[in-house]
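Just below is one structure, and these are the notes that go with it.
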Amino acid sequence: LKENKNTVKHFISSSATGIYANNYKEIQDEFSEIKNQSFLANVVTKWEKKVDELSKLNIIVSKVRIGIVLSVDGGFLEKQILFNNLRFRPLINKGKQNISWIHIDDVVRIFYFLVENSLEGVYNATSPNFSTNLELTDKIENLRKKYLINISTPSLFASIPFKILRIGDFFKEVVMFNSKVIPKKLVDKGFVFKFESLIWLVSILRQFVLSENFCFNFTSAIPAKYRLGTLINSIASIAPWSIHLVVLLFDLVTPTFVSL
């Protein structure tokens with residue numbers, strides 16, 4: 001941009017709430033002190049610092065720290081629906097982890113809001129009402145099928161596969177990330193969330209997910225070159241818990257299949 005003529009007036013950088021402390025006790029916003037020294041937090045910090053250089057070119061820079069994006073088209077929510085179809089709820093530490101989530105439509109609306117109002121600086125793209133993993137699965141259960149199998153694994157044991165793969169830090173910093181992040185600056189600027197609580201799941205799931213035809217297909221989702229779909233489905237038919245473990249591990253090693 002510096003070396004070529006351009007008409008860029010506003011630059012929006014997609015950042016992450018992973019920069020905040022893994023702290024379930026305190027609510028954190030854009031003004032919270034950044035104390036997190038994890039790998040993810042350091043990546044986000046360096047990324048945002050680099051993006052700030054665009055300000056020297058008289059370009060408005062907005063840094064949007066996005067939480068867990070919920071969409072019926074894929075990602076985290078789709079996998080939760082998959083487990084519900086199987087009547088199986090795998091939890092870690094009883095699902096007490098706080099999820100700073102946001103609906104994908106609100107992410108798009110936030111980007112538009114920032115440009116329309118020429119807003120610069122850091123903004124959290126999360127719902128004003130964070131929830132726990134247990135609350136999310138409870139809402140899905142109330143709208144769809146009752147879980148027949150509920151398994152809660154202590155994080156000490158759930159971390160074993162990650163430690164074997166030498167990615168124990170990933171488990172601690174991403175899988176077990178537990179924080180309450182709110183969008184204080186957006187609310188103060190007058191942004192109105194379309195989906196500010198899990199109540200939106202009522203209309204979305206009834207409209208889209210109640211069809212029995214909606215069931216995640218492992219084989220079709222995996223790139224042809226990997227061809228592990230048959231193996232995964234075979235293992236899944238034997239032991240429900242293996243679904244959770246295999247999918248999670250497969251997400252880590254397959255770039256095109258990552259949901260976190």
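The basis for the numbers below is simple: all heavy atoms, side chains too, and nothing from hydrogens, waters or symmetry mates.
Across all their heavy atoms, Ser155 and Asn93 have their closest contact at N-OD1, 2.9 Å. The minimum heavy-atom distance linking Ser15 with Glu48 is given by the pair OG-OE2, 2.7 Å. Closest of all the heavy-atom pairs between Pro128 and Pro183 is CA-CD, 3.8 Å.
Using modelled atom types, one finds no donor on one side chain facing an acceptor on the other under 3.5 Å when comparing Ser127 with His103. A donor and an acceptor atom, one from each side chain of Trp47 and Ser13, are located under 3.5 Å apart.
Of the possible donor and acceptor atoms, one in the side chain of Asp29 sits under 3.5 Å from a partner among the backbone N and O of Phe31. With hydrogens and angles ignored, the 3.5 Å screen pairs a side-chain donor or acceptor of Asn6 with a backbone N or O of Val8. A donor-acceptor pair under 3.5 Å is formed between the side chain of Ser100 and the backbone N or O of Val181. Here the side chain of Glu78 pairs no donor or acceptor atom with the backbone of Ser71 at under 3.5 angstrom. A donor-acceptor pair is defined here as one N or O able to donate and one able to accept, closer than 3.5 Å; such a pair exists between the side chain of Glu135 and the backbone of Thr132.
Salt-bridge check for Asp138 with Arg89: passed, with a basic side-chain N closer than 4.0 Å to an acidic carboxylate O. Using a cutoff of 4.0 Å between basic side-chain nitrogens and carboxylate oxygens, Lys184 and Asp188 are scored as salt-bridged.
Of the inter-residue distances, the one linking Glu141 atom CD with Tyr147 atom OH reads 6.5 Å to the nearest 0.5 angstrom. Residue Phe177 holds its CZ atom at 12.5 Å from NZ of Lys172, rounded to the nearest 0.5 Å. In this structure, the separation between OG1 on Thr126 and CD1 on Ile68 is 11.0 Å, given to the nearest 0.5 Å. Interatomic distance, NZ of Lys139 versus OG1 of Thr137, reported as 11.5 Å (0.5 Å rounding). Annotation: the span from Thr17 atom OG1 to Ile182 atom CD1 amounts to 13.0 Å, rounded to 0.5 Å. Interatomic distance, OG of Ser32 versus CD1 of Ile27, reported as 9.5 Å (0.5 Å rounding).
Counting heavy atoms from C-beta on, the side chains of Glu120 and Leu114 never come closer than 4.5 Å. Residues Ile110 and Phe193 are in side-chain contact: their nearest non-hydrogen atoms beyond the backbone lie under 4.5 Å apart. At a threshold of 4.5 Å between non-hydrogen side-chain atoms, the residues Leu119 and Lys189 count as touching. A heavy-atom distance below 4.5 Å is not found between the side chains of Ile104 and Asp73. Between Leu134 and Leu91, the closest side-chain pair of non-hydrogen atoms falls below 4.5 Å. The closest side-chain heavy-atom distance from Val69 to Trp101 is not below 4.5 Å. Phe111 is listed as a side-chain neighbour of Ser14, based on a closest heavy-atom distance under 4.5 Å. Using a 4.5 Å heavy-atom threshold, the side chains of Asn42 and Phe39 count as separate.
With respect to Lys63, the side-chain contact (heavy atoms from CB on, under 4.5 Å) criterion is satisfied by exactly one of Ile12, Asp52, Asn124: Asp52. Only one option out of Lys146, Lys79, Arg144, Lys145 pairs with Asn84 in a side chain to side chain donor-acceptor pair (under 3.5 Å); it is Arg144.
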Residue pair Ile19, Arg65: steps toward the side-chain contact (heavy atoms from CB on, under 4.5 Å) verdict: CA-CA 8 Å; Ile19 193 173; Arg65 295 171 178 171; 3.7 Å; yes
Criterion side-chain hydrogen bond (donor to acceptor under 3.5 Å, both in side chains) on Asn178 and Asn22, from CA distance to verdict: CA-CA 5 Å; Asn178 189 353; Asn22 196 345; 5.6 Å; no
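For the pair Lys180 and Phe130, the NZ or CZ position fails the cation-pi test of under 6.0 Å to the six-membered ring centre and within 45 degrees of the ring normal.
Ile66 and Tyr20 fall into different hydrophobic clusters, defined by Ile, Leu, Val, Met, Phe, Trp and Tyr side-chain heavy atoms under 4.5 Å apart, directly or through other members.
Residues forming a ring pair (Phe, Tyr, Trp, His ring centres under 6.0 Å) with Phe113 (at least two apart in sequence, or on another chain): Phe191.
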